[in-house]
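One structure is given here, and the rest of the page talks about it.
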Amino acid sequence: MSPAVDRDVVVVGCGPAGCAAAVFAARDGLDVAVFDRGRSSLARCAHLENYPGFPAGVDAETLSALMRAQAERAGCAVVDDLVESVERAGDGPDEAAGDAESSASPDADGPRFVVTPQTGDPVAARRVVAATRYDGEYLRGLDGDDAMFEVHDHGGETHEGFDREYADRDGGTPVDGLYVASPSDADRQAVTAAGRGARVGKRVVADARIDDGWWPEPAEGVDWVRREAELDDEWADRDRWVEWFDETHADGPVDPDSERFARVREAAVDDALSAYVEVDEEAARAAAGHRALAERLDPEAVVDAHGTDALLDAMDDEAIAAHVAEDDPNAERAEAESP
């Protein structure tokens, strides 16, 4: 019998590509684990000056910490371990010994892969995203070596490496459930690696939906958050969205009168409407975003950027008084004795 699925998706690598793929998958409700060995190629950068959103650039350590925090906030489990191998479910030692039941192909709802880390327990997964720039050795055996690896001649010596063109533009591969965000031609810059990871994450979401009965057109959703005020009276009505879905997919591959069509329509409309937030929620998310960024900033840099007066004005007076009293035990007594 196939083992239970421990995770919907396992992402190997916590750099820009891996984090982007993981966030997109987790935000759609998939159960995602990210294996981070702590040696991303990003760490070799002294300073990134071309990553959007950081006018003066950003150091690799801060960017890595922010990306990891974002993956965790999205719901991913980030595991500090190195993945040594990814095998098809049913390819273990018992099967090699002739266990016919174990060697059977995994069922539609079961795991496709068993991911084995260096120190932790193996994890069963329906999908695996490779997002490690260093090599693809842990993927050996999932496909023929001639398909996954290529030989390069460098300085008169031959070297074998993972074929960067093995996956298609969205990360899909000939191995069902295996996606490659890195190595790829996109991972030579952090920003393009992140874009590649986002494409792969969207592909993973679409494929998971298709496995759940969706068809390709509605499965290709988008991940955004929009202001509820953008919904006019017509589109604030759920029935209008239902009508739109029926019109859009009337000639699709699924019978509009079927239970499957109704179920997907319900999920798709729920997904569309959940993207709109009220003003208070928008403000709360903006504040949470600012706090998450501020947690990674050096306090002296914050003081230098805003000035002491601005920071003191923003602080609670009682908190300032308590801080002063803590630094100078005599300050509270002096204040009490003052006329």
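Side chains included, hydrogens not; waters and symmetry mates left out as well; all remaining heavy atoms used.
- Not a single donor-acceptor pair under 3.5 Å links the side chain of R169 to the backbone N or O of R199.
- Taken to the nearest 0.5 Å, the CG atom of L42 stands 5.0 Å off from the CE atom of M67.
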Original post:
What's the verdict on salt bridge (Lys or Arg N to Asp or Glu O under 4.0 Å) for D80 and R37, showing C-alpha distance, side-chain angles and the deciding distance?
Top reply: CA-CA 6 Å; D80 296 318; R37 69 175 190 158; over 6 Å; no

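- Of the possible polar contacts, none joining the K202 side chain to the V222 backbone as a donor-acceptor pair under 3.5 Å is found.
- A 6.0 Å sphere centred on NE2 of H159 holds more than 12 heavy atoms belonging to other residues, nucleotides or ligands.
- For the pair R127 and F113, the cation-pi criterion (under 6.0 Å, within 45° of the ring axis) is not fulfilled.
- Within a 6.0 Å sphere centred on CG of D185, other residues, nucleotides and ligands contribute more than 12 heavy atoms.
- Within the 4.5 Å cutoff, the side chain of D246 has heavy atoms near those of the F261 side chain.
- More than 12 heavy atoms of other residues, nucleotides or ligands sit less than 6.0 Å from atom CG of D255.
- Under the 3.5 Å distance criterion, the side-chain polar atoms of D187 are matched with a main-chain donor or acceptor of S184.
- Under a hydrophobic clustering in which Ile, Leu, Val, Met, Phe, Trp and Tyr are joined whenever their side-chain heavy atoms come within less than 4.5 Å, directly or via other members, V123 and V83 fall into the same cluster.
- Counting heavy atoms of neighbouring residues, nucleotides and ligands inside a 6.0 Å radius, atom CZ of R227 does not exceed 12 of them.
- Transitive grouping of hydrophobic side chains (ILVMFWY, heavy atoms separated by less than 4.5 Å) keeps V23 and V78 in distinct clusters.
- Interatomic distance, T62 OG1 to L48 CG, rounded to the nearest 0.5 Å: 10.5 Å.
- You'll find the side chain of T308 reaches within 4.5 Å of the side chain of V303, heavy atoms only.
- A heavy-atom distance below 4.5 Å is found between the side chains of R209 and D271.
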**OP:** Verify side chain to side chain contact (heavy atoms under 4.5 Å, CB included) between V86 and R112, making sure each step is shown before the conclusion.
**Re:** CA-CA 10 Å; V86 177; R112 294 185 176 98; over 6 Å; no

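- In this structure, the side chain of R203 does not engage the main chain of G171 through any donor-acceptor pair within 3.5 Å.
- Between P253 and W215, the closest heavy-atom pair is CD-CD1, 3.6 Å.
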Original post:
For V32 and D8, what are the C-alpha separation, side-chain angles and deciding distance, and is it a side chain to side chain contact (heavy atoms under 4.5 Å, CB included)?
Top reply: CA-CA 6 Å; V32 182; D8 293 324; 5.9 Å; no

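- Between A20 and A198, the shortest heavy-atom contact is CB-N, 3.6 Å.
- Residues D143 and P174 are in side-chain contact: their nearest non-hydrogen atoms beyond the backbone lie under 4.5 Å apart.
- Nearest heavy atoms, P52 versus V191: CD-CG2, 3.6 Å.
- We find the OG1-CD distance between T248 and E243 to be 10.0 Å, quoted to the nearest 0.5 Å.
- Few gaps surround CD on E217; more than 12 heavy atoms of other groups in view lie less than 6.0 Å from it.
- One finds a salt bridge joining R285 and E281 here, because a Lys/Arg side-chain nitrogen approaches an Asp/Glu carboxylate oxygen to under 4.0 Å.
- In this structure, a donor-acceptor pair under 3.5 Å is present between the side chains of Y138 and T132.
- For the pair R238 and W241, the cation-pi test (distance below 6.0 Å, angle within 45°) is failed.
- Salt bridge R140/E137: present, at least one basic N to carboxylate O contact under 4.0 Å.
- Shown here for P218 and V264, the closest heavy-atom pair between the two residues is CG-CG1, 4.3 Å.
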Original post:
When you look at D212 and R263, which way does the salt bridge (Lys or Arg N to Asp or Glu O under 4.0 Å) test go after all the steps?
Top reply: CA-CA 10 Å; D212 193 38; R263 180 171 62 85; 3.6 Å; yes

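- Taking every heavy atom of both residues into account, C19 and R68 meet most closely at SG-N, 4.2 Å.
- Under the 4.5 Å side-chain criterion, counting only non-hydrogen atoms from C-beta, W235 is in contact with W244.
- V115 and V175 fall within a single hydrophobic cluster, where Ile, Leu, Val, Met, Phe, Trp and Tyr are joined by side-chain heavy atoms under 4.5 Å apart, directly or via other members.
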**OP:** Starting from the C-alpha separation in whole Å, work towards a yes-or-no answer on side chain to side chain contact (heavy atoms under 4.5 Å, CB included) for H323 and I320.
**Re:** CA-CA 5 Å; H323 178 73; I320 296 175; 5.7 Å; no

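- The number of heavy atoms from other shown groups lying within 6.0 Å of CG (N50) is above 12.
- Under the 3.5 Å distance criterion, the side-chain polar atoms of S64 are matched with a main-chain donor or acceptor of A60.
- Between H249 and F245, the angle of the ring planes lies from 30° to 60°, which puts this pair in the tilted group.
- Using a 4.5 Å heavy-atom cutoff, the side chains of C14 and F35 are not in contact.
- L66 and F24 fall into different hydrophobic clusters, where Ile, Leu, Val, Met, Phe, Trp and Tyr residues are linked whenever their side-chain heavy atoms come under 4.5 Å apart, directly or through other members.
- No side-chain N or O of Y179 forms a donor-acceptor pair with one of D170 less than 3.5 Å apart.
- Atom SG of C76 and atom CZ of R7 lie 9.0 Å apart (nearest 0.5 Å).
- If you chain together hydrophobic residues whose side chains sit under 4.5 Å apart, V11 and L82 never meet in one group.
- You'll find the side chain of V9 stays beyond 4.5 Å of the side chain of R126, heavy atoms only.
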**OP:** Would you sort out whether V277 and E228 count as a side chain to side chain contact (heavy atoms under 4.5 Å, CB included), showing the intermediate values?
**Re:** CA-CA 5 Å; V277 298; E228 191 176 58; 6.0 Å; no

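- In the displayed structure, R240 atom CZ is contacted under 6.0 Å by more than 12 heavy atoms of other residues, nucleotides or ligands.
- The 12-atom threshold is exceeded at CG of D313, counting heavy atoms of other residues, nucleotides or ligands nearer than 6.0 Å.
- Separating the CZ atom in R27 from the CG atom in D223 is a distance of 4.0 Å, to the nearest 0.5 Å.
- At least one side-chain heavy atom of Q189 sits under 4.5 Å from a side-chain heavy atom of T192.
- Here the closest heavy-atom approach between residue P111 and residue A124 is recorded as CB-CB, 3.8 Å.
- Between the CZ atom in R265 and the OG atom in S258 there is a gap of 9.0 Å [rounded to 0.5 Å].
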